[in-house]
Structure formats: structure tokens, C-alpha cells
Q: 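Sharing a structure, written as C-alpha cells. Questions coming.
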Amino acid sequence: MTGEPPRDPGAQPERTWLAWRRTTLTCAVSVALTARVAVERPSGLAAGAACLGALAWIGLLVTAHRRIRRLSRPRPETMGAAETVGTLACVLVLIGVGGMMVL
Amino acid sequence: MLDRIRVTARLWLAPQRLREEGATPDYRFSLANERTFLAWIRTALALIAGGIAVDQFLTDLRWEVRTGVAIVLLAGAALCAFRAVNHWVRCERAMRRGEDLPASRFPVLLASGTAFAALLIIAVVVLGLAGR
């Protein structure tokens, strides 16, 4: 291949990185709800759960950030274990946090 | 069966193994698959938020009912998240091998669950059972 890669008319990388951003925002809503519990009904358990939720959110942010950086290349590669397993782990931690809040 | 589960689980943990199979598809198809994956992850995250919100805001309900609803939502979130990865792996593999994309009953399951929950809530509201 020579010269500039052809412009992608579907703006696929942009749409994909926006999808990552939407996902981190949705995650932020859940984490905000857990923080609300920790403030309304203060207890060691609630505070710990909220901290864990915040960590899961940061984990997802880092995953999204790294993926977005790789998406800016001309021909982005398929997702790897860091993205799939990382995202799954963050969601599962958040489910655990939800369980701690509910029970 | 057990063998298939082992193979799939290995692909979940190491999706780079997918590259050993077939040919790399047009990256735009992979990115579309990735966005579908993320949409399912957002569904899971919304279910988590719903579960926590039920527990916090429906304080008029009895404890057992509230906790039950919240746990059903959280379990649904776990199901959605696992299925997101599983479906992504299967679609990616099918694209590399040039096969048809896998058909799935999961959307029907989720839609039926949502419809059932909506009907249940309509019944509760119409019969005035809430808050007693």
C-alpha cells in the first residue's frame, strides 16, 4: 500500500470509539447510584462496595481509552483479550457491587 | 458438548487465537461486531443500574419483593454480559471462516422477559397492589 489509506465513508472507527464512550457513560450511571447508597445509608459495606464500583469504572475507562487509541490507526485490529475480558471483568465486579448493595 | 464449551471458553480468554482461523475480514465488519458487543454490554450495565435503583427507590415495597426484583435484574445483567462476549467470539469466528453469522434465541428471551415484566407492572398498577 502506498500513500494515504482511503477514507472510510462509514466513519466506522469513529462510531466504534463513540460506542466505547457511551458504554463508559452508562457504567458511570451505575457507579453514581452505588455512590448514592454509600451517602444515604452510610456503612462500611456500602462504602467498600462504592469504592469497588469506582475501581470497576476506572478499569473500564482505561480499557476504553486503550482501545480508542488503537482504533485511531488506519486499519484497526480486532479486539483482544484485554478488551473482551477486561470489559467482562468490570461488568461482573459491578454486578457483585450491586449484590452487596441489595443484600 | 464439553469439548465445545472448552474451546469456546478458551476463545473467550484469548480471542487472539481467532487469528489462527480463516482469513481476516474487512476491519469494518469487525468494528460493527465490536459495536454490537458494546451495545449488549450497555444493556447489562443498564440492568445493573435498574437493579440498584429498584433497591433504592422502591422503598414502599416489601423487602423480599424488592430484593427479588433487584436480584433478577442483576442476574439478567450477568447473563447479558457473558452472552455479549460469547456472541462476539462466535460472530468473529464465523466471519473469519466465511460462514453464516450464528442465529441466537437470546434476543427473544430478553424481549419476552421485558414484555412479561411490563405486563406484570401493568397488572400491579391497574389492580392497585403497589404500596400495600
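Letters go in sequence order (proteins before strands), and every chain restarts at 1. Predicted, not measured: the structure shown is a model, and the values here were computed from it.
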Q: Linking I/L/V/M/F/W/Y whenever their side-chain heavy atoms sit closer than 4.5 Å, directly or via other members, would B:V69 and B:L61 fall into one cluster?
A: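 In one cluster with B:V69: B:L61, yes.
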
Q: Could you have a look at A:R15, A:E83, A:E77, A:M101 and say which one has the most heavy-atom pairs with chain B under 4.5 angstrom?
A: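 So the answer, after comparing A:R15, A:E83, A:E77, A:M101, is A:R15.
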
Q: Side chains of A:L103 and B:I71: closer than 4.5 Å at any heavy-atom pair?
A: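 Side-chain contact under 4.5 Å: yes.
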
Q: Consider only side-chain heavy atoms of I, L, V, M, F, W and Y, link residues closer than 4.5 Å, and tell whether B:M95 and B:V85 are in one cluster.
A: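 They do not share one cluster, since no chain of ILVMFWY contacts under 4.5 Å joins B:M95 to B:V85.
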
Q: Looking at CD1 of B:I52 and CD1 of A:I95, how far apart are the two atoms once the value is rounded to the nearest 0.5 Å?
A: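 Between B:I52 CD1 and A:I95 CD1, I get 10.0 Å after rounding to 0.5 Å.
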
Q: Between chain B and each of A:A81, A:G99, A:A82, count heavy-atom pairs under 4.5 Å; write down the option with the most.
A: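 If we count pairs closer than 4.5 Å to chain B, A:A81 comes out on top.
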
Q: In terms of heavy-atom proximity below 4.5 Å to chain B, should A:R22 be classed as side chain, backbone, both, or neither?
A: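 Contact with chain B is through both the backbone and side chain of A:R22.
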
Q: Does any heavy atom of chain A fall under 4.5 Å from the side chain of B:F57, the backbone, both, or neither of them?
A: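 For B:F57, the side chain is the part near chain A, not the backbone.
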
Q: Are there more than 12 heavy atoms of other residues, nucleotides or ligands under 6.0 Å from atom CH2 of A:W17?
A: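 At most 12 heavy atoms, drawn from other residues, nucleotides or ligands, come within 6.0 Å of this atom.
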
Q: Please flag which part of B:F82 lies under 4.5 Å from any non-hydrogen atom of chain A: side chain, backbone, both or neither.
A: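 For B:F82, heavy atoms of backbone and side chain both lie under 4.5 Å from chain A.
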
Q: Decide yes or no for B:E34 and A:R67: does some side-chain heavy atom of the first lie under 4.5 Å from some side-chain heavy atom of the second?
A: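 Heavy-atom side-chain distance check passes, below 4.5 Å.
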
Q: Is it the case that B:R35 and A:T16 place a side-chain donor and acceptor less than 3.5 Å from each other?
A: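 Yes, A:T16 and B:R35 have a side-chain donor paired with an acceptor closer than 3.5 Å.
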
Q: For the atom pair CD1 (B:I48) and CG (A:L92), what is the distance rounded to the nearest 0.5 Å?
A: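 Between B:I48 CD1 and A:L92 CG, I get 8.0 Å after rounding to 0.5 Å.
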
Q: Measuring from atom CZ of A:R75 to atom OG1 of B:T24, what distance do you get when rounded to the nearest 0.5 angstrom?
A: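 These two atoms lie 11.5 Å from each other.
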
Q: Do B:L110 and B:L73 share a hydrophobic cluster, counting only Ile, Leu, Val, Met, Phe, Trp and Tyr and linking them when any side-chain heavy atoms are less than 4.5 Å apart?
A: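 Different clusters.
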
Q: For A:L33, is it the side chain, the backbone, both, or neither that has a heavy atom closer than 4.5 Å to a heavy atom of chain B?
A: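 Contact with chain B involves both backbone and side-chain atoms of A:L33.
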
Q: Not counting sequence neighbours, which residues clear side-chain hydrogen bond (donor to acceptor under 3.5 Å, both in side chains) with A:T87? List them please.
A: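 Result, side-chain hydrogen bond (donor to acceptor under 3.5 Å, both in side chains) vs A:T87: none returned.
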
Q: Tell me, for A:L71 versus chain B, whether the close heavy atoms (under 4.5 Å) come from the side chain, the backbone, both or neither.
A: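 For A:L71, side-chain heavy atoms alone lie under 4.5 Å from chain B.
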
Q: Select, from A:T34, A:V29, A:V37, A:L25, the one with the greatest count of heavy-atom pairs under 4.5 Å involving chain B.
A: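 The residue among A:T34, A:V29, A:V37, A:L25 with the greatest pair count is A:V37.
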
Q: Applying a criterion of heavy atom separation less than 4.5 Å, what residues of residues 113-120 of chain B form contacts with chain A?
A: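 Counting heavy atoms that sit under 4.5 Å from chain A, no residue of residues 113-120 of chain B is involved.
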
Q: Quick check: closest heavy atoms across A:P76 and B:Y27, and the distance to 0.1 Å?
A: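 Scanning both residues, the minimum pair turns out to be CD-CD1, 3.5 Å.
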
Q: Can you name the closest pair of heavy atoms from B:A46 and A:T26 and give their distance?
A: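 So the two residues come closest at N-CG2, 4.2 Å.
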
Q: Rounded to the nearest 0.5 Å, what separation is found between the CH2 atom of B:W88 and the OG1 atom of A:T78?
A: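 Between atom CH2 of B:W88 and atom OG1 of A:T78 there are 6.5 Å.
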
Q: When you group the ILVMFWY residues by side-chain heavy-atom contacts below 4.5 Å and let the links chain together, are B:V65 and B:V72 in the same group?
A: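 In one cluster: no.
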
Q: Does the side chain of B:Q56 come under 3.5 Å of the side chain of A:R41 through a donor N or O and an acceptor N or O?
A: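 There is no such pair (donor and acceptor under 3.5 Å, judged by atom type) between the side chains of B:Q56 and A:R41.
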
Q: Working to the nearest 0.5 Å, report the span between CG of B:L47 and CG of A:L94.
A: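 It is 12.0 Å, given to the nearest 0.5 Å.
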
Q: Please classify the contact between B:R19 and chain A as side chain, backbone, both or neither, with a heavy-atom cut-off of under 4.5 Å.
A: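 Just the side chain, heavy atoms under 4.5 Å.
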
Q: Measure distances from B:A44 to the heavy atoms of chain A and classify the residue's part below 4.5 Å as side chain, backbone, both or neither.
A: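 Side chain only.
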
Q: Rounded to the nearest 0.5 Å, how far does CD1 of B:I41 lie from CG of A:L88?
A: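 Answer rounded to 0.5 Å: 6.5 Å.
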
Q: Hey, any chance B:W40 and A:V93 share a hydrophobic cluster, counting ILVMFWY side chains that come within less than 4.5 Å of each other, even indirectly?
A: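 No; A:V93 is not reachable from B:W40 via cluster members.
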
Q: How far apart are the closest heavy atoms of B:L45 and A:S30, and which atoms are they?
A: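 For B:L45 versus A:S30, the nearest heavy atoms are O-OG, 3.3 Å.
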
Q: Quick one: of A:L18, A:T23, A:V85, who has the most non-hydrogen atom pairs under 4.5 Å with chain B?
A: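 The option with the most such pairs is A:T23.
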
Q: Could you tell me which non-hydrogen atom of A:T84 sits nearest to which non-hydrogen atom of B:P15, and how far apart they are?
A: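 So the two residues come closest at OG1-CG, 3.5 Å.
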
